[in-house]
Amino acid sequence: MIQRTLSIIKPDAVRAGNAGKIIADIEKELKIVSLKRLHLTKAQAGAFYAVHAEKPFYQELVEFMTSGPIIVMCLEGEDAIVRYRTLMGATNPEKAAEGTLRKKYAASVSENAVHGSDAPETAAVEVPFFFSTCELI
Ligand code: CMP
């Protein structure tokens, strides 16, 4: 099934100059339907990660996600959600498989280089959070 999913290159990876390499890795697997670079406000990051609002790491996550520019992309392809999650690797880079984005570019569970929607229902909320219909060409 052709799916769309949301990808974020997080502030750590943008700061380190790894965005281009990450985009090149993604393009080997999936089509980039839309892309933009932005700097989230605390309110925007808090709303995006609202599902984690009760978690002990929520404040740290919002601080980190607003610490610099990010690059958001809508990706498309056959089984895009699971394929992009496989490409990203485990949330904790210490547990991520060789060759995955987090193994290559992430430093820790909190600064883990990339984000991807975890299910079709999540993608259906996360893609429109950043992209309007007109931007999804
Ligand atoms: P992400 O895929 O963006 O979804 C939620 C994020 O919360 C996750 O990646 C991590 O960056 C972050 N996260 C998850 N667990 C922890 C933790 N124990 N400490 C700090 N951040 C975490």
Side-chain angles (χ1 to χ4, degrees):
M1 189 198 347
I2 299 287
Q3 293 177 324
R4 287 180 170 181
T5 190
L6 184 84
S7 161
I8 304 179
I9 304 178
K10 296 187 180 184
D12 57 328
V14 174
R15 239 184 324 265
N18 289 327
K21 286 175 273 185
I22 291 172
I23 291 169
D25 284 355
I26 289 172
E27 275 195 305
K28 289 177 197 144
E29 284 277 327
L30 293 160
K31 178 178 158 191
I32 299 171
V33 171
S34 202
L35 178 154
K36 60 186 153 190
R37 179 180 184 274
L38 41 93
H39 194 150
L40 293 178
T41 63
K42 295 255 161 59
Q44 288 169 331
F48 182 77
Y49 280 117
V51 68
H52 296 301
E54 304 306 320
K55 305 266 176 64
F57 57 81
Y58 179 67
Q59 285 307 328
E60 183 191 342
L61 180 58
V62 170
E63 287 292 329
F64 167 59
M65 289 302 291
T66 56
S67 68
I70 60 170
I71 292 171
V72 292
M73 288 172 278
C74 175
L75 309 178
E76 183 181 85
E78 189 70 27
D79 296 323
I81 294 169
V82 78
R83 279 174 60 209
Y84 181 53
R85 289 186 70 78
T86 302
L87 178 64
M88 286 195 302
T91 304
N92 184 345
E94 285 176 18
K95 297 182 182 156
E98 281 304 325
T100 60
L101 297 176
R102 284 171 171 155
K103 184 72 179 184
K104 289 200 272 188
Y105 304 116
S108 67
V109 69
S110 51
E111 303 208 359
N112 62 355
V114 284
H115 167 84
S117 308
D118 63 4
E121 310 78 61
T122 322
V125 175
E126 291 185 349
V127 171
F129 186 93
F130 287 107
F131 297 102
S132 69
T133 308
C134 307
E135 292 173 315
L136 296 167
I137 43 148

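FYI, side chains are in, hydrogens and waters are out, and symmetry mates aren't considered; it's all heavy atoms of this structure.
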Is there a donor-acceptor contact under 3.5 Å from the side chain of H115 to the main chain of K10? no
Here the gap from E60 atom CD to S110 atom OG, rounded to the nearest 0.5 Å, amounts to 4.5 Å
Exercise. Please check if atom CZ in R37 has more than 12 non-hydrogen atoms from other residues, nucleotides or ligands closer than 6.0 Å.
Key: no
- Exceeds 12 heavy-atom contacts within 6.0 angstrom, atom CD of E78: yes
Heavy-atom closest pair (T100 atom, A96 atom, distance to 0.1 Å) is OG1-CB, 3.5 Å
So salt bridge (Lys or Arg N to Asp or Glu O under 4.0 Å) across residues 117-137, not counting sequence neighbours, yields K36-E135
| task | Mark yes or no for whether E76, through its side chain, and K31, through its backbone, hold a donor-acceptor pair below 3.5 Å. | result | no
Sequence neighbours excluded, the answer for salt bridge (charged side-chain N to carboxylate O under 4.0 Å, His left out) partners of E29 is R83
Taking every heavy atom of A113 against every heavy atom of A13, the minimum-distance pair comes out as O-CB, 3.7 Å
For residues 96-114, the salt bridge (Lys or Arg N to Asp or Glu O under 4.0 Å) pairs (sequence neighbours left out) are D25-K104, E98-K103
- Query: In terms of side-chain heavy atoms, does K95 have a donor or acceptor partner in N92 at a distance below 3.5 Å?
  - Reply: no
Can you find a side-chain donor-acceptor pair between R85 and S117 that sits under 3.5 Å?
no
For A107 and P93, the nearest pair of non-hydrogen atoms, with its separation, is C-CG, 3.9 Å
Students should find that the hydrophobic cluster of I2, defined by side-chain heavy atoms under 4.5 Å apart, otherwise consists of none
Tracing side-chain contacts under 4.5 Å among Ile, Leu, Val, Met, Phe, Trp and Tyr outward from I22 reaches I9, V14, I23, I26, L30, I32, L35, I71, M73, L75, Y84, L87, M88, L101, Y105, V114
Besides V72, the hydrophobic cluster formed by Ile, Leu, Val, Met, Phe, Trp and Tyr side chains linked at under 4.5 Å, directly or via other members, contains L6, I8, V33, L38, L40, F48, Y49, F57, Y58, L61, V62, F64, M65, I70, V127, F129, F130, F131, L136
